[in-house]
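Below is one structure, written out as structure tokens; comments come after it.
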2 protein chains.
Amino acid sequence: MEQLVTVREIFRDRDKYLNTKIKVGGWVRNNRASKNFGFLVLHDGTFFDTLQIVYGAELDNFSGLSSLNIGTAVIVEGTLVPTPEAKQPFEIQAESVVVEGESTPDYPLQKKRHTVEFLRTIQHLRPRTNLFQATYRVRSLCAYAIHKFFQENDFVYVHTPLITSSDAEGAGEMFQVTTLDLNNIPKNEDGSVDFSQDFFKKPTNLTVSGQLYGETYAQAFRKIYTFGPTFRAENSNTTRHAAEFWMIEPEIAFADLQDDMDCAEAMLKYIIRYVLENAPEEMNFFNQFVDKGLLDRLNHVMNSDFGRVTYTEAIKLLEEHNDEFEYKVSWGCDLQTEHERYLTEQVFKKPIFVTDYPKDIKAFYMKLNDDGKTVAAADCLVPGIGEIIGGSQREEDYDKLKQRMEELGMDMSQYDFYLDLRKFGTTRHAGFGLGFERCVMYLTGVSNIRDVLPFPRTVNHCDL
Amino acid sequence: MEQLVTVREIFRDRDKYLNTKIKVGGWVRNNRASKNFGFLVLHDGTFFDTLQIVYGAELDNFSGLSSLNIGTAVIVEGTLVPTPEAKQPFEIQAESVVVEGESTPDYPLQKKRHTVEFLRTIQHLRPRTNLFQATYRVRSLCAYAIHKFFQENDFVYVHTPLITSSDAEGAGEMFQVTTLDLNNIPKNEDGSVDFSQDFFKKPTNLTVSGQLYGETYAQAFRKIYTFGPTFRAENSNTTRHAAEFWMIEPEIAFADLQDDMDCAEAMLKYIIRYVLENAPEEMNFFNQFVDKGLLDRLNHVMNSDFGRVTYTEAIKLLEEHNDEFEYKVSWGCDLQTEHERYLTEQVFKKPIFVTDYPKDIKAFYMKLNDDGKTVAAADCLVPGIGEIIGGSQREEDYDKLKQRMEELGMDMSQYDFYLDLRKFGTTRHAGFGLGFERCVMYLTGVSNIRDVLPFPRTVNHCDL
């Protein structure tokens, strides 16, 4: 069909379009008419701000237009004129307004404030509201910024598999994937499930991390990253947990923990800068209506060095404030969100890396430090969120890695490929995982993970 | 650790590094030594070509170096000197070679030609070979080119869900996702599975398409795209089918089938150009060793308009050659790969769109043409592959869509959200699906989908 000018093009390149005749298409956000003329507030989905359309009684379909419902799709032709006296910078004086698709009076998004709880019940319509327009545009830009950062730094993007037959790091509950008839599970003679009849002839799950696969590619390409969906079947009904979410997992050969932290810090700053530059209207909206300190905080982060503190030092700092915590800390304990936030918000007042955690609270693959007690891990904590990135240098020594896996009673038969990496040209290497939704929450100030995922999957909820 | 110069930096910015002392790290692809000096062929994963290292008997560890196994990881310091008489443009004269990680004589990737079949059995090591280095770098660049194309054209990237409770277009077999204990499936009184005990309290599957979700976001953002994993539990053991693969599904509001084809054509040309520009070494390799006509074909495609032919015309063209086909064609039949390839390779000799297919062989959501028999579908066929893109204008009329769904006996209760889009400001809109692996196969000439997926999942195979 005939090309329509977008509202984004009009706002970003206004001199090109002012005082010319243009054609736009979009959806009616508001409509008010008097006897002789009317105003449509048009949103076309390409830009956060709306475009005002003035239509007059000289139009053939004036009376129809004056009763258009909110949500109606229209195509408007007219002249874009400056409106220096008005709130909006310009408007279209319409010569024709053609209805593309009608709406109804019971359209759920009427001109009033809706609660996020209500909007969660209409996941297919909520991206048409300001809050969710802004959120999902920032989500898209954030995803692209991540790709751009890694590609510009010569990382290779690797698609690690979603369906796996191993349980990765033994992290939490997994979803099973099967084509067996649940009404009639085939059994072996001994009563166990006959997986030879399943699609892959073995039990399979949805992945909880692509890291181990990522490491194999880092040993081939030196610098790689993954960016894909990840799953946890945890019964966690919180504002921070979803059963299906996206993760970014870079992995770098010839790199140690310092390099890893440098990469994570550069990446976060790059993302913030990209989003601030490419979605100023959206970010102002968040700053005004969702989280008043947001822009100050992000600008501060972008321009300051992240703090670095060892776990052992962090515990000392926190112990002085144990009376303020629900969970008291002592060396050896895992940090809770309250501790993480205290460190980053109260003590350091900026993002920090906490490094060198006790080995017993971290994963098997992390490199053992010389003290024999701690591992070369680094978690990045940010104000308002707590942990946003978890990283580590990996154990590159075959014997140490194998010993640790045996200590933990792991099923070694699943990890031959992983141990092979330590046999054939092993290198110092490191990587981290960024939870993509946490990153979007951090950038927008939106506080519930259900509102940054387009169609969230949480315990008991797979709604659309 | 200390920053290492990459082989990519050296090749791309050689004047900066020639005749200077640099430090590089990588893996030994070959090693041959005489009494007084030796040569290492070093590959560092950042660049397709290797770097030659010369080491002399004056080095302390000369005798150790001269017996280094293939696959060993080393860090080399020395001067990069031009070698105008030699095959390679320069080499490093080493002042030190430090072993980062040893390899063993039984390292599987010895200096000889390996079959792809053998390499499929070592999925964790095969990216270290030329063929798979080239393939997965091009895969990464191709993915990025797709993001870049859509982002530069103001499309919003949407993450549609992987776990779903609907069966999308009723397309093929689906994988079930469950946390129920397969050894002991809970049952209702009537003997059916008690899904109230499952994670989502209902049966769930892995998605076969994000399109219906994508449409909801196109009606909010006007132009969106998805790029994510998709699943088919089809028992198809072919070179073109995988159980887990990646799809790109753009969706555009205020667009018809012509716009859809224009977008698909522009996207494919953009991808080809990007990959040719950013991986010339890899593309030359494919052209030389995998598919001799590749570069000619891609350059031709980039510079020619895609053909467009209706299904009805295509059937007439094919019927004249029915004696050459295993499956004979007649109006109403679905096109097989042999027919698709005949059209694009023999008749048009370039990519073509076949449009306006009979409604009975296409999905319910496609827009019915005025003839009442065909739908506004467009499949893009390319030489060497056949169908690479399937697109259509969507039925935007509430009544026609509902009628079609009822005709097909679909479970309407699952599609309220989808019908809502036609009730509240419906627009002409269109979209398509690009199978990402087919795209990579097309770009590289690699003919088996198992070799373009890092860790392929196919019937009976979930190996690593």
Side-chain angles (χ1 to χ4, degrees), chain A residues 1 4 8 25 27 44-46 71-73 100-101 103-104 107 124 127-128 137 140 143-144 147 151 154 156-159 161-163 165 175-179 182-183 185 193 199-201 204 213 216-217 220-222 229 233 244 246 254 256 417 424-427 454-455 457 460 462 464, chain B residues 1 4 8 25 27 44-46 71-73 100-101 103 107 124 127-128 137 140 143-144 147 151 154 156-159 161-163 165 175-179 182-183 185 193 199-201 204 213 216-217 220-222 229 233 244 246 254 256 417 423-427 454-455 457 460 462 464:
Chain A
M1 56 185 284
L4 304 173
R8 175 168 295 269
W27 293 270
D44 86 339
T46 68
T72 303
E100 171 79 4
S103 184
T104 68
Y107 181 54
H124 59 309
R128 304 179 184 195
R137 186 177 306 282
S140 169
Y144 185 55
H147 280 296
Q151 295 276 340
D154 289 327
V156 169
Y157 179 29
V158 180
H159 289 124
L162 285 283
I163 301 175
S165 55
F175 290 103
Q176 301 161 94
V177 174
T178 181
T179 54
L182 299 187
N183 281 298
I185 296 277
V193 178
F199 190 86
F200 295 110
K201 291 197 189 299
T204 53
Y213 298 105
T216 68
Y217 271 62
F221 286 104
R222 181 126 162 218
E244 176 181 321
W246 286 65
F254 294 103
D256 60 20
F417 79 97
F424 304 130
T426 190
T427 64
F455 299 90
R457 271 71 180 106
N460 302 337
C462 179
L464 275 197
Chain B
M1 56 184 284
L4 304 172
R8 175 169 296 270
W27 292 271
D44 86 339
T46 68
T72 303
E100 170 79 5
S103 184
Y107 181 54
H124 58 311
R128 304 180 183 194
R137 186 177 306 283
S140 169
Y144 186 54
H147 281 295
Q151 295 275 341
D154 289 328
V156 169
Y157 179 30
V158 180
H159 289 125
L162 285 283
I163 300 175
S165 55
F175 289 103
Q176 302 161 93
V177 175
T178 182
T179 55
L182 298 187
N183 280 299
I185 296 277
V193 178
F199 190 85
F200 295 110
K201 292 198 189 295
T204 52
Y213 298 104
T216 69
Y217 271 62
F221 285 104
R222 182 126 162 219
E244 177 181 319
W246 287 64
F254 293 102
D256 60 21
F417 79 97
K423 241 163 61 183
F424 304 131
T426 190
T427 63
F455 299 91
R457 272 69 180 108
N460 302 336
C462 178
L464 276 197

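Convention: sequence-line order gives letters A, B, ...; per-chain numbering from 1.
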Which atom of B/W27 lies closest to which atom of A/G425, heavy atoms considered: NE1-O, 2.9 Å
Ring geometry between B/H124 and A/F417 (parallel below 30°, tilted from 30 to 60°, perpendicular above 60°): perpendicular
Structural part of A/V177 lying under 4.5 Å from a heavy atom of chain B: both
Test item: B/P454 and A/Y217 side chains (from C-beta on) under 4.5 Å apart, heavy atoms: yes
Residue, of B/T427, B/L162, B/V156, B/L4, that accumulates the most heavy atom pairs under 4.5 Å with chain A: B/L162
Short side-chain to backbone donor-acceptor contact, B/R8 and B/T46, under 3.5 Å: yes
Contacting moiety of A/R137, where chain B heavy atoms sit under 4.5 Å: both
Interface residue of largest heavy-atom contact number with chain B, from A/G25, A/C462, A/P229, A/A73, under 4.5 Å: A/C462
Listed partners of B/R128 passing salt bridge (charged side-chain N to carboxylate O under 4.0 Å, His left out), at least two apart: none
Rounded distance (nearest 0.5 Å) linking atom OG of A/S165 with atom NZ of A/K201: 14.5 Å
Side chain, backbone, both or neither of A/L182 within contact of chain B (heavy atoms, under 4.5 Å): both
When B/T216, B/I163, B/L464 are compared by non-hydrogen pairs under 4.5 Å with chain A, the top option: B/I163
Option in A/F199, A/F455, A/Y157 with maximal non-hydrogen atom pairs under 4.5 Å from chain B: A/F199
Pick from A/T178, A/T104, A/V158 with the largest number of heavy-atom pairs that fall under 4.5 Å of chain B: A/T178
Residue A/P161 versus chain B: region with a heavy atom under 4.5 Å: both
B/F175-A/F175 aromatic ring centre distance below 6.0 Å: no
With B/T179 via side chain to side chain donor-acceptor pair (under 3.5 Å) - residues at least two apart: B/D198
A/Q176 portion near chain B, given a 4.5 angstrom heavy-atom threshold: both
Selection from B/A143, B/A220, B/G71 maximising heavy-atom pairs under 4.5 Å formed with chain A: B/A220
Largest heavy-atom contact set with chain A, pairs under 4.5 Å, which of B/T72, B/D154, B/T204: B/D154
Structural part of A/E100 lying under 4.5 Å from a heavy atom of chain B: both
